[in-house]
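Counting starts at 1 for both ligands and their atoms, in listed order.
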Amino acid sequence: MRTLIANGTVVNADGSTQADVLVDGETIALVGSSLGAAGVTADRTIDAAGKYVIPGAIDVHTHFDMPFGGTMSKDTFETGTRAAAFGGTTTILDFAIQPKGGSLRAGIDEWHAKAEGSCAIDYGFHMIVSDVTDAVLEEMDRVVAEGIPEFKLFTAYPGVLYSDDGAIFRAMQRTVDNGGLIMMHAENGIAIDVVANQNAESGRTDPYWHGVSRYPVFEGEATDRVIRLAEAAGSAVYVVHLSSRDALDAVRAGRDRGTPVYAETCPQYLFLSLDDLGNGFEGSKFVCSPPLRPKDHWPELWKGLQADDLQIVSTDHCPFDFHGQKEMGRGDFRKIPNGLPAVEDRLDLVHDGGVVGGHISRERWIEVCSAAPARMFGMAGRKGVVAAGADADLVIYDPNRRHTISAATHHMNVDYSCYEGRTVQGGSDVVLSRGRVIIENGRYTGSKGDGRFLRRPPTGAALRAGIA
Ligand code: URP
Ligand code: ZN
Ligand code: ZN
C-alpha cells in the first residue's frame, strides 16, 4: 500500500518545508516537492493543503491499568492508546511496576500481558523499581538488555514506592555499567508527609491542602539531591514531571555544572494551577504529584522549554474517575488517588498554549512532543521525524481548527476532563501508525493490537555521552 500525502507543510524539529510525503508500506519512502507531478504514484492520495504534516507525537510518561492509591488507573492499554491516537500521539512509553517484594521480571511479564494485542499504537516500557535489592540490581542488567532501559525511582510516596538515597545511588551506579537510565520522581516525600499530616490532623482536609502541603522547595531540594547523587555516581539522570521553578533551578544548575541531567514537564504544570485545587472537593480532579503550582511558576517553565533546560513535554497520564475513585478521598486529601488524564490533549494543548500562545515555535513544539522523546529514548531515525526511512507515524495536523475539550467528547476512559470547556486551536485530522490510517474524520479506523512493542537500546549510556 502506497499513500501520498500531498501539498502539506512538513514540520520537523529542525525546520519546515512545503513537501509531499510518500508512504510505502510501514515506512516513509520519500519526502520531496511535487512528487505527483514528478510521476510518483500511490494507491491513495491525501490532500494536506493548508495542513501540517508532522511526526506522530511520542508520550514517554503514561500509566495505563496501574494499581495506585488503592485503585486502578482507568485507561487500559486499549482505551489509552486509542485516545492517544485521537490526539496525534503514535507512540507511548508506559511504566511497568515491580510488585513490592517481587522481581522486575514479574512486573515486566504483567505489563506485557496487559499491553500485548491491545494497543492501537506502538509502545514501550520503563520500569518502576519499588525495592532496590542486590537481586534487583542484577536483574536491571537483563531488563536493559531486553529493551527496557529506564528505571523510575521515587523520593516521594514513603511506604509505597519511596527509595532512600542509598538505594537511588546504588541504582545510579548500576546504570553506569549497564547503560540504563534512572528517571526520578523528585519530591521530598518524608517532609511532605509531615506537613500533609499536620494539615489533615488540623482539619484542613480539602484537596487544596494536597497542593499546599507539597511545598515547591520540597521538589527543589529533592531534585538537587538526585542530581548530586547522579554526579557522585557518574550517571545521567532524567527528572520526570517537573512542576516548579525550584526544581527547574536545580536542573539548570546541574546542567551548568556539565551534569547530564534532563527533565520533562507536563501540560498540567503549564496550563493548570493551585487555584484549580481550590474549588471544594471538585479540586480532587486536579490532585496529582508533584501538585499544581501557583501560576507564577508557568513563565519559568516556558523559559525552561525555550532554553532546552526542559527537553520534553510528556503527560504523566494517570486517570481516575471523579465518581468512585477521586471520591475515595472525600474528607481526607491524603486518600485521593494521585493522577490526571491528558494523553489525548497534550499535542493540542502545547500547540495552542505554546505555539499559538507565542512561547515556542512550531518546530520546538515538534521537538518537545516528538523529536526529543524519540532521540532521548532510543528511537532516533525511526520515530519523531518526517524523513525517508522512518516509520510512517504521521499526523496531518490542522493548525487552525478550533475545538473545545470536554469529557463528553474525549476518548479517554475517565469521567471528567481537567480542561473542560477550554477551546484550543489545532487538531489532528488524519493519523497514520506505521503507514496505516488509524484516525480519520473523527473516527478510529485501526484495529486493536496493531501497536507493537518497541525494544529500545541503552538510553542512559547515550545521554551520558551527551547524545541528546
Ligand atoms: O500524580 C501522579 N503523578 N500520579 C502518577 C504516579 C507518578 O508519580 O507519576
Ligand atoms: Zn511520579
Ligand atoms: Zn507518572
Side-chain angles (χ1 to χ4, degrees), residues 59-75 80 84 92-98 100 107 111 123-130 150-163 168 181-189 192-193 196 207 210-211 213-214 218-219 222-223 226 237-244 247 262-270 272 274 276-277 283-293 312-322 325-326 328-329 333-343 346 373 377 412 414 416 418:
D59 191 342
V60 301
H61 191 151
T62 67
H63 300 283
F64 296 143
D65 210 0
M66 178 175 89
F68 197 53
T71 184
M72 299 290 289
S73 66
K74 267 304 285 304
D75 267 313
I92 59 99
L93 300 181
D94 197 84
F95 288 84
I97 304 188
Q98 175 200 6
K100 199 86 179 160
W111 247 253
Y123 64 96
F125 299 147
H126 320 285
M127 184 93 233
I128 285 178
V129 181
S130 39
E150 300 90 18
F151 304 91
K152 182 181 177 190
L153 284 88
F154 297 73
T155 59
Y157 309 136
V160 188
L161 295 169
Y162 175 85
S163 289
I168 293 165
L181 174 67
I182 298 299
M183 309 173 87
M184 286 303 315
H185 178 139
E187 289 184 287
N188 188 325
I192 285 168
D193 275 7
H210 168 85
S213 301
R214 305 180 86 92
F218 291 154
E219 188 186 6
T223 304
V226 300
V237 61
Y238 180 87
V239 179
V240 295
H241 49 46
L242 185 148
S243 72
S244 65
Y262 302 87
E264 65 180 22
T265 189
C266 309
Q268 52 268 34
Y269 304 122
L270 296 166
L272 303 173
L274 187 59
D276 291 297
L277 281 159
S284 65
K285 294 176 176 172
F286 300 89
V287 165
C288 60
S289 293
L292 305 182
R293 302 297 185 187
I312 289 179
V313 179
S314 69
T315 59
D316 191 13
H317 176 83
C318 189
F320 298 103
D321 275 345
F322 175 72
Q325 291 191 299
K326 292 286 188 182
M328 290 160 61
F333 66 82
R334 295 170 298 180
K335 296 190 177 137
I336 300 169
N338 286 203
L340 309 181
V343 76
R346 175 186 62 134
F377 287 93
M412 299 177 284
V414 59
Y416 75 96
C418 290

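- The distance cut-off of 2.8 Å around the Zn ion (ligand 2) captures these protein N, O or S atoms, sorted by chain and number: Lys152 NZ, His185 ND1, His241 NE2.
- Judged purely by atom type and a 3.5 angstrom limit, Thr315 uses its side chain to pair as donor or acceptor with the backbone of His61.
- Put simply, the angle at the Zn ion (ligand 3) from NE2 in His63 to NE2 in His61 is close to 100°, to the nearest 10°.
- Of all the atoms in ligand 1, the ones that sit under 4.0 Å from a non-hydrogen atom of His63 are 5 (C), 6 (C), 7 (C), 9 (O).
- Taking a cut-off of under 4.0 Å to the non-hydrogen atoms of His61, the atoms of ligand 1 that pass are 9 (O).
- Distance alone, capped at 3.5 Å, is enough to place a donor-acceptor pair between the Glu264 side chain and the His241 backbone.
- Side-chain atoms of Tyr162 never come within 3.5 Å of backbone atoms of Gly189 as a donor-acceptor pair (strictly under, hydrogens ignored).
- Of all non-hydrogen atoms in Phe320 and Gln325, the two that sit nearest each other are CA-OE1, 3.2 Å.
- Phe154 counts as a contact of ligand 1, since one of its heavy atoms falls under 4.0 Å from the ligand.
- Judged purely by atom type and a 3.5 angstrom limit, Ser314 has no side-chain atom pairing as donor or acceptor with the backbone of Val60.
- Looking at Cys318 against ligand 1, only its side chain comes within 4.0 Å, counting heavy atoms.
- Taking each of Pro291, Ser289, Ala156 in turn, the one with a heavy atom nearest to atom 1 (O) of ligand 1 proves to be Ser289.
- Under 4.0 angstrom from ligand 1, there are no non-hydrogen atoms of His210.
- Under a 4.0 Å criterion applied to the non-hydrogen atoms of His185, ligand 1 contributes the atoms 8 (O).
- With sequence neighbours left out, the side chain to side chain donor-acceptor pair (under 3.5 Å) criterion links Arg293 to Glu219, Ser243.
- Ser130 places a side-chain N or O within donor-acceptor distance of the main-chain N or O of Gln98, the cut-off being under 3.5 Å.
- Under the side chain to side chain donor-acceptor pair (under 3.5 Å) criterion, Asp321 pairs with Lys74, not counting sequence neighbours.
- Residues satisfying the side chain to side chain donor-acceptor pair (under 3.5 Å) criterion with Thr62, sequence neighbours excluded, are Asp94.
- When hydrogens are left out, the protein atom nearest atom 3 (N) of ligand 1 is Asp316 OD2, 2.6 Å; that is the closest non-hydrogen contact.
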Could you walk me through whether His317 and Asp75 pass the side chain to side chain donor-acceptor pair (under 3.5 Å) check?
CA-CA 9 Å; His317 176 83; Asp75 267 313; 2.8 Å; yes
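- Under a 3.5 Å cut-off, the side chain of Ser284 and the backbone N or O of Lys326 do not form any donor-acceptor pair.
- Counting only distance, with no hydrogens or angles, the side chain of Thr155 and the backbone of Glu187 share a donor-acceptor pair below 3.5 Å.
- Atoms of ligand 1 found under 4.0 Å from any heavy atom of Cys288, numbered from 1 in the order shown, are 1 (O).
- Less than 4.0 angstrom separates some heavy atom of Lys152 from each of these atoms of ligand 1: 7 (C), 8 (O), 9 (O).
- Under 4.0 angstrom from ligand 1, the non-hydrogen atoms of Tyr157 all belong to its side chain.
- Of the heavy atoms in Asn338, both backbone and side-chain atoms come closer than 4.0 Å to ligand 1.
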